[in-house]
Amino acid sequence: LAVIEAPVARFGGDLDRALQLATRAAEIGRRFRNPDVLALAVHTNGLILISQGREGEGVALLDEAMTAVVAGELSSFFTGVVYCNVIEACLELADVRRAGEWSEAARAWCESLPPESPYPGLCRINRAEVARLRGAWAEAEAEALRASEELMSFDPSASASAFYEAGEIRRRIGNDAGAEEAFARARELGHDPQPGLALLRLAQGKVEAAHTSLRLAVAGGQGNSLRRARLLMAQVDVAIAAGDPETARAAREELAAIAQDSGRPALAAAAASADAAVRLADADVTGALESSRRAGSIWQELKLPYEAAHARLTYGQALRASGGEEDARSELRAALAAFERLGASPDARRTA
């Protein structure tokens, strides 16, 4: 009961009570030597600590729970629960290295399950996101599409998330028709296709449509800080393109506040990228240079090649605005090479 009540309290915002319940559940699991209860309680404890901003302690507990999983100590159901939750938490923290390691471990486990099990599809969504972040887009799209098929009869809402992931990849490689189709399927199944759909509209030159849809999404956007940050990052780019500097600055400020509260490197990089874009649009070249340099450094450290290439593009544009043409061309060539390696055709054309 404590294992069930702890996440209820966590999602209800009562983190202190959630921590008490998870701690109690872990004590009960140890007393009765029940590995399922113990691992679930320990990993829930870790998720709660992460929600409290104690990420180092929380991630250590996630790793502790995963040692029981990879040792084969848990029953099949709880193995799947811990795998999915831990990988999802790593992705929210943009800890791509850890997410990738656990995702590979989950792949081997998933392959041992019967075809009717829901877990291969659920794990495949996480694997698709990991592959997208790492820049392995062909693999990411294949995993997302397979997950959408596997989950359709079991959990349409999860299938919708898989379709959205496929749409994001298609948008980045310039497959507009394919992205449109995937986002439409995600919407049909109950998943809001933002910010991907707005960014697709922006790439198609439909700036006002992108601006309006994203403004509505931000106004009604709920969910975790990473979801909110993605909406705000997109809003900065769309608002600048739409000639709405006030909205761009407001999105930049909210994103900076989220990043400061969370302390997560990925959100700090997102905030720096947004700040660089706004400052460049405002002709604050010195500020744009500083922010884009900081963003690029963090994205590279996180090993997120697409985001790092975008920061490099902004840095090159800022260098050009400062009069440093030779350095600007060098940075832009590096960004172009990165986009070409990824297969990001629209970004490569823009950079060229």
Side-chain angles (χ1 to χ4, degrees), residues 91 94-97 99-100 127-144 165-176 178-179 195-196 199-200 202-205 230 233-234 236-238 240-241 265-281 285-352:
L91 287 170
D95 188 343
V96 182
R97 180 192 60 78
R127 287 211 298 274
E129 186 169 357
V130 170
R132 173 172 62 79
L133 291 170
R134 284 177 160 177
W137 289 353
E139 176 190 345
E141 184 180 12
E143 290 281 26
E165 192 66 32
E168 276 285 12
I169 297 156
R170 290 171 174 178
R171 175 182 69 79
R172 293 183 181 191
I173 65 176
N175 179 2
D176 289 3
L199 292 172
L200 176 62
L202 180 63
Q204 293 169 333
R230 286 171 175 164
M233 281 182 68
V236 167
D237 290 337
V238 171
I240 289 172
L267 292 178
S273 293
D275 186 63
V278 171
R279 289 183 183 278
L280 187 59
V285 175
T286 301
L289 285 168
E290 181 181 343
S291 292
S292 57
R293 189 186 301 116
R294 183 169 67 253
S297 176
I298 301 173
W299 289 130
Q300 286 181 342
E301 187 175 338
L302 292 171
K303 294 182 171 57
L304 300 181
Y306 181 69
E307 289 77 7
H310 264 285
R312 199 153 206 170
L313 170 60
T314 305
Y315 185 55
Q317 291 171 317
L319 282 170
R320 172 166 285 168
S322 72
E325 182 64 24
E326 185 174 341
D327 288 339
R329 284 179 175 272
S330 177
E331 287 296 322
L332 293 172
R333 285 194 190 99
L336 175 59
F339 287 134
E340 288 176 339
R341 282 194 300 271
L342 288 165
S345 299
D347 293 295
R349 285 194 299 269
R350 175 186 170 201
T351 307

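Just so it is clear, the values below take in all heavy atoms, side chains as well, and ignore hydrogens, waters and symmetry mates. The first residue in the sequence is number 1, and the count goes up from there.
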Is there a donor-acceptor contact under 3.5 Å from the side chain of T314 to the main chain of H310?
-> yes
Report the residues that fulfil side chain to side chain donor-acceptor pair (under 3.5 Å) with E325, sequence neighbours left out, ordered by chain and then residue number.
-> R320, R329
Between Y306 and A344, the two heavy atoms sitting closest are CE1-CB, 4.0 Å
Who passes side chain to side chain contact (heavy atoms under 4.5 Å, CB included) against R134, sequence neighbours left out?
-> V96, V130
Taking all non-hydrogen atoms of both residues, which atom of W137 and which atom of G343 are closest, and how far apart?
-> CZ3-C, 4.1 Å
Taking only residues two or more places apart in sequence or in another chain, which ones pass salt bridge (Lys or Arg N to Asp or Glu O under 4.0 Å) with E139?
-> R107
Given side chains that start at C-beta, do those of L91 and L133 come closer than 4.5 Å, heavy atoms only?
-> yes
From CG (L289) to CG (L280), nearest 0.5 Å | 8.5 Å
Only pairs at least two apart or in different chains count here, so list each salt bridge (Lys or Arg N to Asp or Glu O under 4.0 Å) that has a residue in residues 167-176.
-> E141-R170, E168-R171
List the atom of A269, the atom of A295, and the distance in Å for their closest heavy-atom pair.
-> O-CB, 3.8 Å
Qualifying salt bridge (Lys or Arg N to Asp or Glu O under 4.0 Å) pairs with a residue from residues 331-351, counting only residues at least two apart or across chains | R312-E331
Minimum heavy-atom distance G178-N175, with the two atoms named = N-OD1, 2.9 Å
Considering all heavy atoms of both residues, which atom of S292 and which atom of A276 are nearest to each other, and what is their separation?
-> N-CB, 3.5 Å
Pairing residues for R132 by the side chain to side chain donor-acceptor pair (under 3.5 Å) criterion, not counting sequence neighbours = E165
Give the C-alpha distance, both sets of side-chain angles, the deciding distance and a yes or no for side-chain contact (heavy atoms from CB on, under 4.5 Å) between Q204 and L200.
-> CA-CA 6 Å; Q204 293 169 333; L200 176 62; 3.9 Å; yes
To the nearest 0.5 Å, tell me how far L202 CG sits from I240 CD1.
-> 10.5 Å
Residues 270-279 vs salt bridge (Lys or Arg N to Asp or Glu O under 4.0 Å), sequence neighbours excluded, gives R252-D275, D275-R279, R279-D284
Side chain to side chain donor-acceptor pair (under 3.5 Å) filter on S273, not counting sequence neighbours, yields W299
A166 versus A144, closest heavy-atom pair with distance = N-CB, 3.9 Å
